[in-house]
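Numbers here simply count residues along the sequence, with the first being 1.
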Amino acid sequence: MTSVALAFSGGLDTTVCVPLLKEEYGYDEVIGVNVDVGQPTEEFDEAEETAEALGLDIHVVDAKAEFADLCFDAVKANASYQGYPLGTALARPVIAEAILGVAEEQGCDAIAHGCTGKGNDQLRFEAVWRGSDLEVIAPVRELGLTREWEIDYAAEKDLPVEAGDGGVWSIDENIWSRAVEGGKLEDPDYEPPADIYEWTAEPEGETTIEVTFEAGVPVAVDGEAMDPVPLIQHLNEYAGGYGVGRTDVMEDRMLGLKVRENYEHPAATVLLTAHQALEDLVLTKNERSFKQGIEQEWSEKAYEGLVFAPVVDALNAFVDETQDVVTGTATVKVSGGDCRVVARDSEYAVYSEEMASFNTEDVAGIAQSDATGVAKYHGLQERLANDVKASVSKPELATDGSGVDDKSE
């Protein structure tokens, strides 16, 4: 008997995949796998109800802890893509790994997803799965299915597809971010209504939040130690209450499509802001400058779903080396939807108040007058280059485009 493991959410795409995998691909058994990375409880309830109506065996894997660890790796790398914290992109490899684990445990012959051929998730899932010996199947993409066809097919087969929000918005939620797209939001000139937001209130009021880090990892909020998952959940609720963490972005997908996305990410906004502030205090100028390139590459690979790639291991090695000193606190003020740092403290600070003070005559035994020679040399090469360019006369070009204007007769 042949079997296939299906990434199953209970939505339209994955629901129609269940009979299609039997009818069109000839598999005897379909095993559903749902991975918990912080989705709302009702989504799991709906998925289980749908699976029961389909007669589908479903496995639920709790991967919140693994996902939170990856989110904190993203914090250490100050990771963002085109102006927003990565959320869905970080979750997909974790989900893919969990589904692959179930597929191998159950002795499946293949593994399948319900992604279309237009989005990023097909690539993120398959980057993980194609490292296994299992056949990878994508019915919606391979059969060229449209949403209208799926709806008609579901009606014909009497499939349970009542779950969800009626298709007004497409929503993807985990503990790190909530993504909203589709419908009228596909028009870049359409102003989103307030009801698309659930994690963030209308921006008003203000408060301060102190985040404690140990080796670059958030460990406490306002002095209260927390494990990663509850820490993220606490900040989503607390900072979200002040409207912090909304992003409306025109996003460039991997396949070249430009799409409009709306995100909510209160905890990510606070932690990334606080972490960056603490790094600014403890890292040297050269470390900060070089790390920006590392962060850009890390973010790009994470967006592509390649966080398990060898190059990311190498990037992480550099990031981790810098994080030993990122220990201390950073305080941010959240106000009117804004999040900005207002204080930071660390025993590893590469800073001396005495040296920086305008009231101190010398710096570590170096007199202010010692800087005169440095000042004379500073910009010397640039001044020389400008003088040389000014002293060289350029030949006049002929107005007829023939080259040098030869005025001799």
Side-chain angles (χ1 to χ4, degrees), residues 1-37 39 43-44 46-63 88-89 91-147 149-154 156-157 159-161 163-164 170 172 174 253-255 304-306 308:
M1 184 174 71
T2 58
S3 62
V4 54
L6 170 66
F8 185 79
S9 66
L12 177 63
D13 293 327
T14 56
T15 297
V16 301
C17 280
V18 175
L20 286 174
L21 286 167
K22 296 179 179 180
E23 296 171 2
E24 300 294 329
Y25 292 87
Y27 284 94
D28 301 306
E29 181 185 20
V30 179
I31 298 173
V33 187
N34 199 335
V35 182
D36 183 0
V37 287
Q39 304 93 312
E43 287 191 16
F44 293 102
E46 292 168 352
E48 290 181 2
E49 291 175 6
T50 303
E52 183 177 356
L54 290 168
L56 176 71
D57 182 24
I58 186 169
H59 296 251
V60 179
V61 180
D62 187 345
T88 299
R92 291 302 186 250
V94 175
I95 293 172
E97 281 276 298
I99 296 171
L100 178 59
V102 172
E104 292 176 336
E105 290 172 3
Q106 297 299 311
C108 292
D109 303 285
I111 192 166
H113 62 71
C115 302
T116 71
K118 292 185 176 182
N120 294 320
D121 287 345
Q122 57 178 330
L123 306 179
R124 294 163 177 161
F125 279 126
E126 294 183 30
V128 174
W129 293 348
R130 292 190 181 277
S132 73
D133 295 328
L134 301 182
E135 180 183 4
V136 177
I137 303 172
V140 176
R141 181 183 70 199
E142 294 166 3
L143 300 175
L145 306 184
T146 64
R147 181 56 59 96
W149 187 94
E150 291 181 51
I151 292 173
D152 291 341
Y153 178 80
E156 176 187 336
K157 295 288 185 179
L159 300 178
V161 290
S170 175
D172 182 78
N174 55 57
R253 287 183 175 172
M254 284 183 273
L255 295 182
E304 295 167 1
L306 300 176
F308 301 124

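Taking the side chain as every heavy atom from C-beta outward, His59 and Gln106 approach each other to under 4.5 Å. At least one side-chain heavy atom of Glu150 sits under 4.5 Å from a side-chain heavy atom of Asp13. At least one side-chain heavy atom of Val18 sits less than 4.5 Å from a side-chain heavy atom of Phe8. Under the 4.5 Å side-chain criterion, counting only non-hydrogen atoms from C-beta, Glu135 is not in contact with Val4. Side-chain contact check for Arg92 versus Thr88: some heavy-atom pair is nearer than 4.5 Å. Between Phe308 and Val128 there is a side-chain heavy-atom pair separated by less than 4.5 Å. Counting heavy atoms from C-beta outward, Ile137 and Glu24 have side chains that stay 4.5 Å or more apart.
In plain terms, the two heavy atoms of Leu54 and Pro160 that are nearest each other are CD2-CD, 3.9 Å. Shown here for Glu126 and Ala138, the closest heavy-atom pair between the two residues is OE2-CB, 4.3 Å. A pairwise comparison of heavy atoms in Thr14 and Leu6 identifies O-CD2, 3.5 Å as the closest pair. Residue Thr116 comes nearest to Gly119 through the heavy atom pair OG1-N, 3.8 Å, listed as atom of the first residue, atom of the second, then distance. Between Ala103 and Ala5 the shortest heavy-atom distance is CB-CB, 3.6 Å. Of all heavy-atom pairs between Leu21 and Pro139, the closest is CD2-CG, 3.8 Å.
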Open item on the list: Quick one, Tyr27 with Asp109, criterion side chain to side chain contact (heavy atoms under 4.5 Å, CB included). Give me CA distance, side-chain angles, the key distance, then yes/no.
Closed with: CA-CA 9 Å; Tyr27 284 94; Asp109 303 285; 4.3 Å; yes
Please walk me through it: do Arg147 and Ile151 pass side chain to side chain contact (heavy atoms under 4.5 Å, CB included)?
CA-CA 6 Å; Arg147 181 56 59 96; Ile151 292 173; 4.1 Å; yes
Side chain to side chain contact (heavy atoms under 4.5 Å, CB included) between Val30 and Tyr25, worked out | CA-CA 11 Å; Val30 179; Tyr25 292 87; over 6 Å; no
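To the nearest 0.5 Å, atoms CD (Glu29) and CE (Met1) are separated by 4.0 Å. Thr15 OG1 to Leu159 CG: the interatomic distance, rounded to the nearest 0.5 Å, is 7.0 Å. Atom OG1 of Thr50 sits about 8.5 Å away from atom CD1 of Ile58, to the nearest 0.5 Å. Interatomic distance, Ile99 CD1 to Ile31 CD1, rounded to the nearest 0.5 Å: 12.5 Å. Atoms OG and NE2, from Ser9 and His113 in turn, are 13.0 Å apart once rounded to the nearest 0.5 Å. The distance from the OH atom of Tyr153 to the CG atom of Leu20 is 4.0 Å, given to the nearest 0.5 Å.
Not a single donor-acceptor pair under 3.5 Å links the side chain of Asn174 to the backbone N or O of Gln39. Side chain of Asn34 to backbone of Val60: no donor-acceptor contact under 3.5 angstrom is found. Put simply, the side chain of Asn120 never gets that close to the backbone of Arg253: no donor and acceptor are under 3.5 Å apart.
Other residues, nucleotides and ligands contribute more than 12 heavy atoms inside 6.0 Å of the CD atom of Glu142.
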